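Some notes on the structure that comes next.
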There are 2 protein chains.
Amino acid sequence: MGVTINDVAKAAGVSASTVSRVLSDSPRISKKTKMKVRKVIEELEYYPNFIARSLASNSTNTIGLVLCTEAHYLIHNSFFIQAMTGISTYAQENGYNVMYAFNKNEEEDLNIAIKYVSSKSVDGIILFASRVNDKCISYLKKEGFPFSVIGRPDETDGVLWVDNDNFQATYQVTDYLIRDGHTNIAFIGGPAGFNVSKDRFEGFKRSMYVHGLDINESFIFLDGDFSSEFGYECMKKLLENESQSLPTAVVTCDDMQALGVLNALSEKGIDNIAVTGFNNNLLPGINRGAKFTSVDVNAYKLGYYAAKVLIDNILGKEGTPTHYIVPTSLAENKL
Amino acid sequence: MGVTINDVAKAAGVSASTVSRVLSDSPRISKKTKMKVRKVIEELEYYPNFIARSLASNSTNTIGLVLCTEAHYLIHNSFFIQAMTGISTYAQENGYNVMYAFNKNEEEDLNIAIKYVSSKSVDGIILFASRVNDKCISYLKKEGFPFSVIGRPDETDGVLWVDNDNFQATYQVTDYLIRDGHTNIAFIGGPAGFNVSKDRFEGFKRSMYVHGLDINESFIFLDGDFSSEFGYECMKKLLENESQSLPTAVVTCDDMQALGVLNALSEKGIDNIAVTGFNNNLLPGINRGAKFTSVDVNAYKLGYYAAKVLIDNILGKEGTPTHYIVPTSLAENKL
DNA sequence: ATGAAAGCGCTAACAG
DNA sequence: CTGTTAGCGCTTTCAT
């Protein structure tokens, strides 16, 4: 069982190293020999042993994914699977395998990273989402191990990363609302201490500013989380504040938040307030007619480029950028 | 860079083979030596090289996932990611890595399987969903390569698999509706040629039969697909058929089908027909008040047990079953 | 209970 | 352009 490089060499009347060179298409082998060897490879249905190859060449042609997330979060968020598909695509295009491991917290994440690095099972690592003071990032930097990050890290110096332009994203969606005639716009932001939260808020403010619109402080909700509960609460507060009129539009930073807002509105029978979300995850069709705009972060591409920036770097390709900005787009849905 | 087994051996004053035996906790090594070696391992922060280990032991401790799906399908279906999480969990518990590759069709699936097997990159394979006359299954059987399948295959002989009891699932949900007072129930089935479609229909029929209810032939829609479009069309037909009254409940085989049905109903302003789905994927909350029942297939557990049945088998554990039936449950949601 | 030695299947200097 | 010779880091008989 299992035909080896030696079997091929013997059958083709050459040495094993010649076969090895044919496999890597070395320019120092004559066309004739290549043809001959390739024919034998076909006939014998020879496949190089992946493991032996890795050991000898000191590279695994595999990248590892460190995914930190609560299981329940996955159910209604296609971000991960889409990004994983993008990663798989670029990896396959370049002959790389992809390993993954789901973890529950930062410590487990770090342990997996350490395991990947120390046992030399992968050539590079992709981190999903960067924390403030991310331990995995510090570790990998210290080790000098190749890795890329989805989501711009605190300190971009010497790290490979991909991200959306979050500033641009909320700028765009706010601009869209304003052009649609809205002037009283509320904003519901993401959790404290994340760059993504900060950037999205800045984009919102900028767009308001550029259009010469005032920001009503009581329309701004920061430092919450991405849950529908938070969205619901914020909208409740807006509805209960009788000292002033309601906004005509609400910019949120996540579809779940938007869902909470929509719920709060639907309880009051209000359907003339525009709501926007992030991630383009909501199912179309449940409530025909309700228009809903979401910022599509293009998770597939984020994954694809996270793999690209990492693999290109590992392969030492010339002139590879250290990061990619994946554009967002506005998605119109009917809910 | 990289401390090897020899460094440990030297530092501990033993041979490399002794260190190797300590690593695998061989009973033939004295407690004393074990302690001594382990201490050195700690001090030197030695991690066995995964690749070298694989080559020498002729096993990779890695399993490969063959995932066939259209990208767009992933966006609103958390089945894959949940199953992958379950797989990752059992794999990690047993020291296995997991590789995955997304493919677009059966041919690509087969190619990946062949690559995994021939290049010896994995010890076993998990197939997502079995086709009629599945080429991957035939291939893996022919090769005698360990694999497990999520979804009962045509021919279960000598294959490891996990699945829900699909018969039981529709039996249960139909029973639930009948106990709720429904007697005129429509059924929208899955694609032709899949066991899952057949079983689900049988479960529905059985429940109706047990309760002494007649099945109205014009209420039955088979051999469609799992899309919302199909659900929409079927409901349309029911609504347009003026020669008879409407059902009071509709059992569908997928949440997307259910969504299509709900859309068709909402267009007519009908909200008193119960609709049930499968997979428990729909977002709660959009339309407060609309009750929606879905069969939760427990994708996490399907993945977990697919990994278990495979890994236990590879490890040659005694008395491992050849398959697992993962129970479904009814999930009540508000849409 | 431990060590010596062979070898897993391949790559990569080094020769020629 | 091709062959020879060493390993890569570990496991595993076979001795002792």
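Computed from a predicted model, the values in this text were never measured in an experiment. Below, chain A is the first sequence line, B the second, and so on; all start at residue 1. Hydrogens, waters and symmetry mates play no part in the numbers below; they use all other heavy atoms, side chains included.
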Expressed as a whole number of angstroms, how long is the span from [X]:[atom1] to [N]:[atom2]?
X        : N       : atom1 : atom2 : answer
Ile51(A) : dT11(D) : CD1   : C1'   : 14 Å
Lys10(B) : dG3(C)  : NZ    : P     : 14 Å
Tyr46(B) : dC10(D) : OH    : P     : 3 Å
Asn58(A) : dC10(C) : CG    : C1'   : 13 Å
Leu55(A) : dG9(C)  : CG    : P     : 12 Å
Asn6(A)  : dC10(C) : CG    : C1'   : 9 Å
Leu44(A) : dG9(C)  : CG    : P     : 15 Å
Asn61(B) : dG9(D)  : CG    : P     : 19 Å

Look at the side chain of Arg28(A) against the base of dT2(D) and say whether a donor-acceptor pair falls under 3.5 Å; ignore hydrogens and angles.
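Flag set: donor-acceptor pair detected.
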
Students often get this wrong, so: under 4.0 angstrom with heavy atoms, is Thr33(A) touching a base, only sugar-phosphate, or nothing?
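Since only primed, P, OP1 and OP2 atoms lie under 4.0 Å of Thr33(A), the category is sugar-phosphate.
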
The side chain of Ser30(A) is closest to which nucleotide in this list: dG9(D), dT2(D), dA1(C)?
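It is dT2(D).
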
Where do Tyr305(A) and Ser148(A) land on the side chain to side chain donor-acceptor pair (under 3.5 Å) test, with the steps shown first?
CA-CA 10 Å; Tyr305(A) 283 104; Ser148(A) 69; over 6 Å; no

What I want to find out is whether Glu42(B) reaches Arg38(B) closely enough, with some N-O distance under 4.0 Å, to be called a salt bridge.
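No, this pair does not count.
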
Could you tell me how the ring of Trp161(B) sits relative to the ring of His323(B): parallel (under 30°), tilted (30 to 60°) or perpendicular (over 60°)?
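Judged by the thresholds at 30° and 60°, the geometry between Trp161(B) and His323(B) is parallel.
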
Which class fits the ring pair Phe102(A) and Tyr100(A): parallel under 30°, tilted 30 to 60°, perpendicular over 60°?
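Correct class here is perpendicular.
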
Residues Val117(B), Tyr47(A); criterion side chain to side chain contact (heavy atoms under 4.5 Å, CB included); working and verdict:
CA-CA 9 Å; Val117(B) 174; Tyr47(A) 270 85; over 6 Å; no

Atom pair [atom1]/[atom2] of [X] and [Y] - distance to nearest 0.5 Å:
X         : Y         : atom1 : atom2 : result
Lys308(A) : Tyr324(A) : NZ    : OH    : 4.0 Å
Ile63(A)  : Leu310(A) : CD1   : CG    : 5.5 Å
Met84(B)  : Phe128(B) : CE    : CZ    : 6.5 Å

Run the side chain to side chain contact (heavy atoms under 4.5 Å, CB included) test on Leu127(B) and Leu140(B) for me, step by step, so that the C-alpha distance in whole Å, both residues' side-chain angles and the decisive distance to 0.1 Å come before the verdict.
CA-CA 10 Å; Leu127(B) 261 26; Leu140(B) 293 167; 4.0 Å; yes

To the nearest 10°, give me the bend of the helix from dA1(C)-dT16(D) to dG16(C)-dC1(D), comparing the axes of its five terminal pairs at either end.
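The angle separating the two end axes equals 30°.
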
Strictly below 4.0 Å, heavy-atom distances to any atom of DNA chain D: list the hits from residues 13-27 of chain B, or just say none.
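Within this stretch, Ser17(B), Ser20(B), Arg21(B) sit under 4.0 Å of the strand.
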
